[in-house]
Amino acid sequence: MWFDSSFSIAMNLAWLLSFWILCTSSFSQGALSPGGTVNVGAIFTFSSINGRVAKIAMKAAEDDINSDPSLLGGRKLSINMHDSNFSGFMGIIGALQFLETDTVAVIGPQTAVMAHVLSHLANELQVPFLSFTALDPTLSPLQFPYFIQTAPNDLFQMTAIADMVSYYGWSEVTVVFNDDDQNRNGINVLGDKLAERRCKVSYKAALPPDTKATRSDVQDELAKILRMESRVIVLNTFKITGLLVFDVAKGLGMMENGFVWIVTSWLSTVIDSTSPLPAKIANSIQGVLALRPHTPDSKRKRDFVSHWNQLSNGSIGLNPYGLYAYDTVWLLAQALKSFFDQGNTISFTNDSRLGGMGGGGYLNLGALSIFDGGSQLLKNILQTSMTGLTGPFRFNPDRSILHPSYDIINVLETGCQQVGYWSNYSGLSVVPPETLYGKAANRSSSSQHLQSVVWPGGKTAKPRGWVFPNNGKELQIGIPDRVSYRDFVSIVNGTNVVQGYCIDVFLAAIKLLPYAVPHKFIPYGDGHKNPSYYDLVYKITTGIADRPINFIHQTVVVRDPRFSFSTLFFSHRENTVSTLGRLVLIIWLFVVLIINSSYTASLTSILTVQQLSSTIKGIDSLITSNVQIGFQVGSFAENYLNEELSIAKTRLVALGTPEEYADALKNGTVAAVVDERPYVDLFLSEHCEFSIIGQEFTRSGWGFAFPRDSPLAIDMSTAILQLSENGDLQKIHDKWLRRKLCSSQDIGSSADQLQLQSFWGLFLICGIACSLALLIYFCTTFHQFSRHFPEESDPSVQSSSRSKRLQTFLSFADDKVEQWKTSKSKRKREDELSNRSGEGTMPGNESERIQRNISQERQNGDTWLH
């Protein structure tokens, strides 16, 4: 049975090759007719959308070119079409037929699978191949110089998709693609472009080539995607597979809220060329974002579009690849015009390496000949500059099309809406790219804009782009099995219960997330010493832990005695006469004497201690010194000090517990301890004899470590910010870390410091003495007032005279002061008179005047001093 099958295949192949020889013979007779016909081949699948559109557009271009006999010097352009019918083999057969019949150029092939094969023939026979649909970015002009892409290749389309993903803030995408050269290589380029934007392809769902993919193949892959995290799906296929994917996705609920579909340009060709879309197809693609090659508006383009229905007889709608087909024919015609204007002629030479292989069999390879003017025609093609239906048309030095750009369309229930543009020049914008070419290129994030999108499910809010996968897997949370500082993270002995400040913050944060987060805490460490911070974080990359919990914040801790003092100055400039005043003054001067002496001693002590204290003022002085430095076991401080600050490991001392911190600082084993701020604060709350020196020299803050670009990191950061704003974060802090705080002004032994309360006894004695003196003086004055102004006995006038009596008392007190001043002045003048009398120099009249004043003052004084 196997023999019969093999024989049948052999016979069919022999018949096919015989048919090819016959066709070859017929083609060879009409290579270049006497009338001056220039033969050009075209290889397409004419039952496909792009094949049907291209056939009509190329025929229109051929007619327009031949309508002007002067364009090719009286020659006619003849485009010979070959239908590959979705078969790479038939495409190769067609190319061989063209290459054996003195064809100067070939337009096509339609797919990159054939392009990779036929480009080797083009190189050998120097016949240019021009394709506007085989846009594989790996078809390098260095490897295949005679293969020319006349439309933007998929490098730019994938760059546009990567920019869209980055613009919306998604970090991971899933790709679904036909596993052929063009789609597979395009996806590889997409992965590179996403990586440049710190995004990635999380899963690649490869489907068989376009015509071979089955519903079962698609269901299997989409079912896998449903169990995964990413909800951003990039679909890079051809029409048959792509529409099948959407049909299956609709049935699986993957066209609902939360999903994002970004589709390459195949969908826009289906929409543009199929009108109206069947209801089933239209319902299955709503909310999709699709790319369409952008062609600027022009009068020539509008005229061609209006003429299209006449050209196609209404059989198919025009899409951008029809415009590129038309321009490709004109590009070739312009290059041929230059070729003939340069005096060249069309001639072919047999390939000597194939001469011995012709005849005597089915393969007439000897008929393949080299186009003598192929290199010149290729050069003319690449140097041609023209304005076509697709706008300004010329090649960049790397042979890419000038200003590649795309329309971004959003498929709606009522049709399509354009939400923006992408160009290689300006990125994403809401204005046509050609309006920006005259301005300076601006690819900053603030200049990137798209209009509102209606996503699958009919929502306009941007989807999050990911969910926790519904595969029963819990989020693995790595936690350090600590020995010290267990208030932050600890495992209850003999149980699986995890508790601590970090745990409570994490649990409170995930409760605020708009979705459930199944999780499991995974202890790390041996329970005998603190585990390494670096080893714990490294577990993320190995898959053992998805998220570790730890702190990142540093400072410097050293012993730092504090001193405080106060001063009080008093200047007494009045003479004190009364006994009570002198008593108060004596006590006050005694207080001032003690305070002044204490201030002098304290200042002397401060200056002395400053000379004897450590020179460590912060991390900079630690680096330049040679002292020993302590660090917490397991902390990243060791590597930081050694690798970042270049401190020798011989100077670093590992310390495991707060008690070891204190002992090492007290006995001088280390001069300072470098640790993370939360641990330092907790340490200082129980060891007030130490303090922080210098400024914090890293400011990374504290938090949870996530894998790079994890989408959960953004939501958790938002949740923690909400905890901080509503006060829950402080409550959790107070629950676990609230301790007796050591104020920076009170650290040190209070017995060694002079403060205000140190003098409370002196101030008490002085206050009591002043109060007693004031009381005695008041009683004495009131007694004298009562003697001179007895209270009225008449009840009728008693109440009305109380206010007058109070005023009289105050006047009496003031007069006693004036009396004291007068008495002082009188004594001064008596002393002065006595001194002058002794000297015998005072005039008589002056002496008499002074005596009269004294007598008058004594009389007045007697009035008050009875």
Side-chain angles (χ1 to χ4, degrees), residues 20 23-24 27-33 37-44 58 62 72 75 77-82 84 88 90-134 139-150 325 328-340 342 344-355 357-358 363-384 395 399:
W20 168 54
C23 294
T24 298
F27 268 92
S28 62
Q29 296 174 1
L32 187 60
S33 65
T37 300
V38 180
N39 289 325
V40 174
I43 305 173
F44 285 89
M58 288 188 292
E62 179 185 11
L72 297 180
R75 300 172 181 85
L77 182 68
S78 176
I79 301 178
N80 304 302
M81 309 269 185
H82 175 79
S84 60
M90 294 305 295
I92 294 172
I93 293 297
L96 290 173
Q97 292 174 351
F98 292 141
L99 295 175
E100 289 182 347
T101 57
D102 298 341
T103 299
V104 298
V106 176
I107 300 176
Q110 186 170 343
T111 65
V113 175
M114 289 188 291
H116 279 278
V117 176
L118 298 181
S119 293
H120 292 284
L121 294 175
N123 289 349
E124 180 65 26
L125 303 178
Q126 299 181 16
V127 177
F129 277 64
L130 299 87
S131 180
F132 48 87
T133 55
L139 286 166
S140 167
L142 298 177
Q143 183 181 7
F144 306 118
Y146 281 86
F147 183 81
I148 306 166
Q149 294 172 327
T150 58
T328 299
V329 176
W330 268 96
L331 170 68
L332 184 57
Q334 294 286 358
L336 286 169
K337 180 181 184 302
S338 300
F339 180 83
F340 293 127
Q342 294 164 351
N344 297 304
T345 59
I346 296 176
S347 62
F348 295 83
T349 302
N350 292 332
D351 192 332
S352 59
R353 290 180 293 179
L354 298 176
M357 302 180 65
L363 296 177
N364 190 18
L365 298 180
L368 299 176
S369 55
I370 298 173
F371 178 28
D372 296 330
S375 61
Q376 184 60 49
L377 180 59
L378 173 65
K379 183 178 180 180
N380 291 348
I381 292 172
L382 297 176
Q383 291 179 349
T384 297
F395 293 96
R399 293 176 52 166

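The structure displayed is predicted, hence computed values, not measured ones. Keep in mind that the numbers below use all heavy atoms, side chains included, and drop hydrogens, waters and symmetry copies.
- Side-chain polar atoms of N80 and Q97 form no donor-acceptor pair below 3.5 angstrom.
- In this structure, V104 and F348 have side chains that are in contact, with non-hydrogen atoms separated by less than 4.5 Å.
- Put simply, the side chain of S131 does not reach to within 4.5 Å of the side chain of F44, judged on heavy atoms.
- Considering only heavy atoms from C-beta on, L121 comes within 4.5 Å of L96 through its side chain.
- Taking 4.5 Å as the limit, every side-chain heavy atom of V127 sits out of range of all side-chain heavy atoms of F98.
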Report the C-alpha separation of I43 and Q110 in whole Å, then their side-chain angles, then the decisive distance to 0.1 Å, and conclude whether the side chain to side chain contact (heavy atoms under 4.5 Å, CB included) test is met.
CA-CA 7 Å; I43 305 173; Q110 186 170 343; over 6 Å; no
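- Put simply, the side chain of T103 never gets that close to the backbone of L99: no donor and acceptor are under 3.5 Å apart.
- The closest side-chain heavy-atom distance from F395 to L331 is below 4.5 Å.
- A distance of 7.5 Å separates NE2 in H82 from CD1 in I93, rounded to the nearest 0.5 Å.
- Considering every non-hydrogen atom in both M58 and I79, the closest pair reads O-CD1, 3.8 Å.
- Put simply, the side chain of L125 does not reach to within 4.5 Å of the side chain of S369, judged on heavy atoms.
- Of all non-hydrogen atoms in T384 and Q334, the two that sit nearest each other are CG2-CB, 3.8 Å.
- With hydrogens and angles ignored, the 3.5 Å screen pairs no side-chain donor or acceptor of S84 with any backbone N or O of M90.
- Remark: N380 CG to S375 OG distance equals 9.5 Å, nearest 0.5 Å.
- Between A134 and A115 the shortest heavy-atom distance is CB-CB, 4.1 Å.
- Taken from CD1 in I346 to CZ in F340, the straight-line distance is 4.0 Å, to the nearest 0.5 Å.
- Taking both residues in full, the closest heavy atoms of K337 and L72 are given as N-CD2, 4.0 Å, listed atom of the first, atom of the second, then distance.
- Between F339 and F371, the ring planes are tilted. Angles from 30° to 60° get that label.
- Listed here is the closest heavy atom pair of G91 and M114: CA-SD, 3.2 Å.
- I107 contributes atom CD1, which lies 11.0 Å from atom CD1 of I148 (distance to the nearest 0.5 angstrom).
- A distance of 8.0 Å separates NZ of K379 from CD of Q342, quoted to the nearest 0.5 Å.
- When all heavy atoms of A122 and F129 are compared, the closest pair comes out as CB-CD1, 3.4 Å.
- Among residues at least two apart or in separate chains, side chain to side chain donor-acceptor pair (under 3.5 Å) pairs with a member in residues 141-150 are Q149-N153, T150-T328.
- Under the 4.5 Å side-chain criterion, counting only non-hydrogen atoms from C-beta, T133 is not in contact with T111.
- If you take CG on D102 and CD on E100, they are separated by 10.5 Å, rounding to the nearest 0.5 Å.
- Side-chain contact check for N39 versus T101: every heavy-atom pair is 4.5 Å or farther apart.
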